[in-house]
Amino acid sequence: MDFSLSDEQRMLADTLDRLMADRVSPEQRRTMLEAPAGARSPLWQTFAELGLLHMPFTEEVGGLGGDGTDLMIIMQALGRGLVPEPYLAGLVLPGELLARLGDAEQRERWLTPLLEGEHQLALAWQENDARYDAHGISTTARRDGDGWRLDGHKQLVFNAASALAMLVTARLDDGRLGLFVVPADTTGLSRHDYRTIDDQLASDLTLDAIALTNDACLGLDAAQALDATQALGRAALCAEAVGAMEVACQQTLDYLKERRQFGTPLSAFQSLQHRMVDMHLHLEQARSMAILATTSLALADNERDYRIAAAKAYCGEAARFIAEQAIQLHGGMGMTEECYVSHYAKRLVMFDHYLGDVDHHLEYVSDHLLNVA
Amino acid sequence: MNLTYSAEEQAFRQEVHDFLATCLPDDIRERVRLGRRLSADDHVRWQNILSERGWLAANWPEDHGGPGWGPVQRHIFDEACAAAHAPTVVPFGVNMVAPVIMTFGSEAQQRYYLPRILANQDWWCQGYSEPGAGSDLASLKTRAVRDGDHYIVTGQKTWTTLGQHANMMFCLVRTDPDAKKQAGISFLLIDMASPGITVRPIITLDGAHEVNEVFLDEVRVPVANRIGEEGQGWTCAKFLLTHERTGIAGLGHAKQALSHLKSLATRVQHRGRPLLELASFRQRVVKAELELMALEVTNLRVIAAARDGSVPGAESSLLKVRGSELRQELSELTRRALGPAALPFFPDFLHGDAELDDPAQAESAAGAAQYFNRRKLSIYGGANEIQKSIVAKTILGM
Ligand SMILES: Cc1cc2nc3c(=O)[nH]c(=O)nc-3n(C[C@H](O)[C@H](O)[C@H](O)COP(=O)(O)OP(=O)(O)OC[C@H]3O[C@@H](n4cnc5c(N)ncnc54)[C@H](O)[C@@H]3O)c2cc1C
């Protein structure tokens, strides 16, 4: 067992902390959110220069071979900064699938420029009728001459509006799960863009008799790769949430020390001290779970999914507790747009709605328990 | 003891139900159902309909124009209104300042203001909180200096709910800076059109414009607009707060939210089965249901104990704490039941008149925003921590 970071990892963490402090103030973040989708982002460019875009990929596919801990360091920093850049949705998740399933030509065309920061991608797996289940989808892919024809609807495709292409999951005639690259300008593909309540850029897609050539097919049996990619996404989200929890706790603590009522700082009231301790406890327990999740990525599928489901469920509850208390202890201020902690609170509460919520993962963990018993 | 409704009470419930079915305008019902913001005009339109029926001032005694209902009837009425998606009556006039005017106001003040409230001629807002005076309300600093027949009022109020629509504000001001904290406070009625008043919006985390800052710069207020004696403002303020808190239990809303949640969790599918069949989710719904059952009886017990017309004392703090926690839990479960569909945010639909093409999206649009908005329930009207301190001191003698 070893909980320490390597020298490189400590340097990475320091670099990221400085970057967040310099480049992601509340005003700078507002500017980023208001920039038109698809515009070249200066921060993304900096990510590329710092090697962050190469970090989570193996050397075989042109990456830097970072491990789960490196990813945790990056995601935690992004969570602390409440960074709206689509690091996970536009890079890590589609990149992971390309790395796992793409042939040399497909990687050359889509993955290499992705890592260079030349374009971004998106992953379209979500269909609201299937709730959080990536396998229960109804979008279909059928053979059509030499190529393929796709029909269906996808919801909550993050970063679709800025993506040069989307990786789309579709059910094949034989019941297996296929994965296809659909360029953004494909005829028959339409998009409805919006922001989520926690400021992410997302789209609903309609695929109406989309015609694809054979080289658009990344895999005819993508289920296992998709599971692995979602596990990676969940672990990364846990780390991001921990970063956001740190800030929500810190800002609340600072506020309690500074705000005075009844002639004393709020931090003098014992009931609030205890509440603050509860928040801190949730944070530390969630941090442990995020470490557990990000160090489990290389385990056998079953063991990996069990641990990561546990972490995602745990962090979901912790994130909500911390968000709710952060608002409560700020009083009326916590309810306002202007008070930055409210933005962290929104991100933390909605964390549960990405890649499976508490109930979804608790069910997975309980089923596992029955199988083991 | 008997917890069933009498035949008379059942007939009353039917009467309210029929009234709501025929008189509540469809457009308003639909906006409330979907959790969309109402315009000032929507509120007034509905309150005029209630007023015409004689049901606007549910808490008023008959001699002032109230319907003369007892607690059970009021309970039935609130529940039916929430179930029918009727708008909540804007409380500041009819439920807050009116009882103060009835209890502490002069005859002239009663004759002037009460009929105007009944006829929706004035929109009242509540000028209590200040940036430096929230939980510690008695530390408020807004100054009122006597100048002949007027007070000159200078200071700042904040969190003023729907102040953007208001033409009148009831306001706590400091008339004697040398007296002990509570003793130097007076209760003034201020015309929002007076020179020197500026209202600025505060946008809440759900994107809504519900609260405001109100700046007062040498605003001239006639001394005749003072309620009660100079220095008696704190008594009025506390009297009003107990009235405010009673409504805050929000049982009608909680019942409506629970029934919405159950039908949502039956429709929404989780791995091909209704979400409600998922044990971990169902258990939380059931717990909320039990809490609601208990709270309904507790609420009626508390009100019944004060049947002589007075309002409940510290017990109302208990109702406020439990009621707000329950409604927050229900909003949490509703957001969760929506699953991924809770994420998209359409502020122009929720807070404005933009429409959504996809009806499913319209149905789920308010889920997350409402969850965040409901965080206010444990903050306003005296935060829950403060309510618990009141209970500890007053009921438990700690
Ligand atoms: C949506 C909304 C609408 C509102 N509408 C109105 C309105 O129309 N008119 C009006 O006058 N006001 C209104 N308010 C103001 C409301 O009454 C205050 O927000 C409330 O009294 C809390 O004050 P505060 O916000 O200053 O929080 P603070 O008093 O600063 O409290 C911050 C936190 O500390 C806790 N705390 C404070 N003191 C203690 C203590 N002694 N022991 C333990 N914990 C403590 C509080 O419970 C809270 O959690 C509204 C508020 C909101 C959010």
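We name chains A, B, ... by the order of the sequence lines, and we start the count at 1 in each one. It should be emphasised that the depicted structure is a prediction, and the values quoted were computed from it without experimental measurement.
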_Has A/Lys312 got a side-chain atom pairing as donor or acceptor with A/His361's backbone, closer than 3.5 angstrom?_
no
Checking heavy-atom separations under 4.5 Å from chain A, one finds in residues 342-352 of chain B B/Ala342, B/Leu343, B/Pro344, B/Phe345, B/Phe346
Whatever's closer than 4.5 Å to a heavy atom in chain B on A/Phe262 counts as both
- prompt: Is the Lys NZ or Arg CZ of A/Arg347 less than 6.0 Å from the centre of A/Tyr354's six-membered ring, within 45° of the axis?
  reply: yes
So, the part of A/His192 with a heavy atom under 4.5 Å from chain B: the answer is side chain
Most heavy-atom pairs under 4.5 Å with chain A, out of B/Ala208, B/Gly134, B/Ala383, belong to B/Gly134
Of B/Ser139, B/Ala341, B/Ser378, the largest count of non-hydrogen pairs under 4.5 angstrom with chain A goes to B/Ser378
### Task
Give a yes or no on whether A/Glu338 atom CD has more than 12 heavy-atom contacts from other residues, nucleotides or ligands under 6.0 Å away.
no
- Item | Under-4.0 Å salt bridge between B/Lys141 and B/Glu130 | no
**Ion pair check, B/Glu329 and B/Arg374, cut-off under 4.0 Å** = no
Whatever's closer than 4.5 Å to a heavy atom in chain B on A/Leu272 counts as side chain
Point to revise | Check ion pair A/Arg29-A/Asp199 (N to O, under 4.0 angstrom) | key: yes
**Message:** Working note: A/Lys154 + A/Thr169, criterion side chain to side chain donor-acceptor pair (under 3.5 Å); need CA distance, chi angles, decisive distance, verdict.
**Reply:** CA-CA 9 Å; A/Lys154 295 286 176 182; A/Thr169 59; 2.8 Å; yes
So, the part of A/Ile327 with a heavy atom under 4.5 Å from chain B: the answer is both
task: Would you check, one step at a time, whether the test side chain to side chain donor-acceptor pair (under 3.5 Å) holds for B/Glu213 with B/Gln156?
output: CA-CA 7 Å; B/Glu213 296 178 290; B/Gln156 186 195 339; 3.1 Å; yes
Okay, A/Gln155 and chain B: the region with an atom under 4.5 Å from a heavy atom over there is neither
Discussion item. Between A/Glu317 and A/Arg320 (salt bridge meaning N to carboxylate O under 4.0 Å), is one present in this structure?
Written reply: yes
B/Arg174 side chain vs B/Pro177 backbone, donor-acceptor pair below 3.5 Å | no
Bottom line for A/Asp357: the part with an atom under 4.5 Å from chain B's heavy atoms is side chain
Report task. Assess whether side chain to side chain donor-acceptor pair (under 3.5 Å) is satisfied between A/Thr139 and A/Glu127, documenting all intermediate values. Result -> CA-CA 9 Å; A/Thr139 294; A/Glu127 296 181 16; 2.7 Å; yes
Bottom line for B/Arg284: the part with an atom under 4.5 Å from chain A's heavy atoms is side chain
If one checks every heavy atom of A/Ala345 against chain B at 4.5 Å, the contacting part turns out to be backbone
